[in-house]
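Accompanying notes for the structure given below.
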Amino acid sequence: MQLLLGVWRVVVAIVHLLHGALICLFIFPFLAAHGRLARVGWWSARMLRILGIGLDASGTPRGPATLVIANHVSWLDILAINAVYPCRFVSKSDVRHWPLIGWLVACGGTLFIERERKRDALRVVHQVADALKKGDTIALFPEGTTSEGHGLLTFHANLLQAAVSTGVPVQPVALRFSDALEPVSQAAAYVGDTHLIRSLWMIVTARAMRVRVDWLPAVESHGADRRELSDHLREAILQSLGVTK
């Protein structure tokens, strides 16, 4: 029965993916930025439901002109955050080349970074700073890659310079996936050499998967040292996840 449910979820998810493409093609050109983000939020929340993922949220998103940072477990993280409060994301450039999905992500206003090129970080810092000055909410994953969800990898502080330079607050978000078998779901983790299709199948066949999105208090960045700020934000997420290291 769970296998049949998984197949059904995949089929409906593909239909919803195509629906998103139609929205980008025929509706986005006539919407202002806030209207596009509202559509992104609706689409993301519905995709979570289609995949069989329940959503729990706590805390309050600060709103416009905020840099949001979160721990990184899966490609689902973007859906989870957007379902609560739609943001523009910073994502690795590889995602842009994913069939259809990469185009949809770009349509949602994502900024792409080539993490292998250190100089590219400076370009993205300027892009993020410009967006923050315009009042956008930008979200990024300072770990730079995904982890299994049991703890946090080292934070890379470079992109936090955009918040320091513009003086906008940084709001940490803690993400935790669970399912009927594990309090920290391994089915959600997109790590190692896991292929996107395999990841999708593990998710749609998981039982009672849920994601918890905890919006923690925003931290002022004006005059801060980005590395100290990074350490402080990492500690806040660790505490929220209940991890002591």
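Scope of the values below: all heavy atoms of this structure, side chains included, with no hydrogens, waters or symmetry mates.
A chain of hydrophobic side-chain contacts below 4.5 Å, direct or via other Ile, Leu, Val, Met, Phe, Trp or Tyr residues, connects V10 to L100. In this structure, I50 is not a member of the same hydrophobic cluster as V11, with clusters built from ILVMFWY side-chain heavy atoms closer than 4.5 Å. Following chains of ILVMFWY side-chain contacts shorter than 4.5 Å, one can reach I69 starting from V125, so the two form part of one hydrophobic cluster. By the criterion of side-chain heavy atoms lying less than 4.5 angstrom apart, applied directly or through intervening Ile, Leu, Val, Met, Phe, Trp or Tyr residues, W8 is not grouped with V15; the two fall into different hydrophobic clusters. Note on V219: it does not cluster hydrophobically with Y85, by side-chain heavy-atom contacts below 4.5 Å among ILVMFWY residues.
For the pair L3 and W201, the minimum side-chain heavy-atom distance is below 4.5 Å. At a threshold of 4.5 Å between non-hydrogen side-chain atoms, the residues W98 and V105 do not count as touching. In this structure, the side chains of F28 and I23 come closer than 4.5 Å at one or more pairs of heavy atoms. Between H195 and I197, the closest side-chain pair of non-hydrogen atoms falls below 4.5 Å. The side-chain heavy atoms of T137 and L67, taken from C-beta on, include no pair separated by under 4.5 Å. Residues I237 and L216 form a side-chain contact, since some pair of their non-hydrogen atoms from C-beta on lies under 4.5 Å apart. A heavy-atom distance below 4.5 Å is not found between the side chains of L159 and V128. Two residues are said to be in side-chain contact when any heavy atoms from C-beta on lie closer than 4.5 Å; V211 and V213 meet this criterion.
Here CD1 of I53 is found 8.5 Å from CZ of R9. Values are rounded to the nearest 0.5 Å. Taking CG of L51 as the start and NE2 of H16 as the end, the distance is 9.0 Å to the nearest 0.5 Å. The distance from atom NE2 of H34 to atom CG of L37, rounded to the nearest 0.5 Å, is 9.5 Å. Taken to the nearest 0.5 Å, the CD1 atom of I101 stands 14.0 Å off from the NE2 atom of H97. Expressed to the nearest 0.5 Å, how far CG of L55 lies from CE of M209 amounts to 13.5 Å. A distance of 9.5 Å separates CG in L122 from CG in N158, rounded to the nearest 0.5 Å.
In terms of modelled atom types and a separation under 3.5 Å, the side chain of E143 and the main chain of N71 share no donor-acceptor contact. In this structure a side-chain-to-backbone donor-acceptor pair under 3.5 Å is present from Q171 to R62. A side-chain donor-acceptor contact under 3.5 Å links S44 to the backbone of V40. Here the side chain of R96 pairs no donor or acceptor atom with the backbone of G102 at under 3.5 angstrom. A distance-only check finds no donor-acceptor pair linking the side chain of N82 to the backbone of A45 [under 3.5 Å]. A donor-acceptor distance shorter than 3.5 angstrom exists from the side chain of E182 to the backbone of Q186, with no hydrogens or angles considered. T110 contributes no side-chain N or O that, together with a main-chain N or O of A106, makes up a donor-acceptor pair within less than 3.5 Å. The closest donor-acceptor contact from the side chain of S165 to the backbone of Q161 lies under 3.5 Å. A donor-acceptor pair under 3.5 Å is absent between the side-chain atoms of T66 and the main chain of V68, judged by distance alone. Under a 3.5 Å cut-off, the side chain of S147 and the backbone N or O of V73 do not form any donor-acceptor pair.
Of all heavy-atom pairs spanning E114 and S93, the tightest one is CG-OG, 3.5 Å. The two residues T60 and W215 make their nearest non-hydrogen contact at N-CB, 3.9 Å. Nearest heavy atom pair, residue C24 against residue C107, reads SG-SG, 2.5 Å. Taking both residues in full, the closest heavy atoms of G109 and R88 are given as O-NE, 2.8 Å, listed atom of the first, atom of the second, then distance. For the residue pair A163 and S221, the shortest heavy atom distance occurs at O-OG, 3.0 Å. Smallest separation of non-hydrogen atoms from E220 and P169: OE2-CG, 3.8 Å.
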Original post:
Hey, mind stepping through V170 and L229 against side chain to side chain contact (heavy atoms under 4.5 Å, CB included) and telling me if it holds?
Top reply: CA-CA 9 Å; V170 185; L229 178 62; 4.1 Å; yes

Original post:
When you look at I81 and F89, which way does the side chain to side chain contact (heavy atoms under 4.5 Å, CB included) test go after all the steps?
Top reply: CA-CA 10 Å; I81 292 174; F89 278 81; 3.8 Å; yes

**OP:** Evaluate the side chain to side chain contact (heavy atoms under 4.5 Å, CB included) criterion for residues L104 and L17: first the C-alpha distance (whole Å), next the side-chain angles of each, then the deciding distance (0.1 Å), finally the verdict.
**Re:** CA-CA 9 Å; L104 285 174; L17 196 65; 3.5 Å; yes

Subject >> Verdict with reasoning, F177 to V184, per side chain to side chain contact (heavy atoms under 4.5 Å, CB included) >> reply: CA-CA 6 Å; F177 292 86; V184 178; over 6 Å; no

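Pairs passing the salt bridge (charged side-chain N to carboxylate O under 4.0 Å, His left out) check and including a residue from residues 201-217, sequence neighbours excluded, read D56-R210, R212-D214.
In the model, R198 has no side-chain atom that pairs as donor or acceptor with a side-chain atom of T194 under 3.5 Å.
Classification of R234 and D231 as a salt-bridged pair fails, no side-chain N sitting under 4.0 Å from a carboxylate O.
Only one option out of T146, T145, D77 pairs with H72 in a side chain to side chain donor-acceptor pair (under 3.5 Å); it is D77.
The number of heavy-atom neighbours closer than 6.0 Å to CG of L25, taken from other residues, nucleotides and ligands shown, is above 12. For NE2 of H232, the number of neighbouring non-hydrogen atoms (other residues, nucleotides, ligands) closer than 6.0 Å is 12 at most. For CH2 of W42, the number of neighbouring non-hydrogen atoms (other residues, nucleotides, ligands) closer than 6.0 Å is greater than 12.
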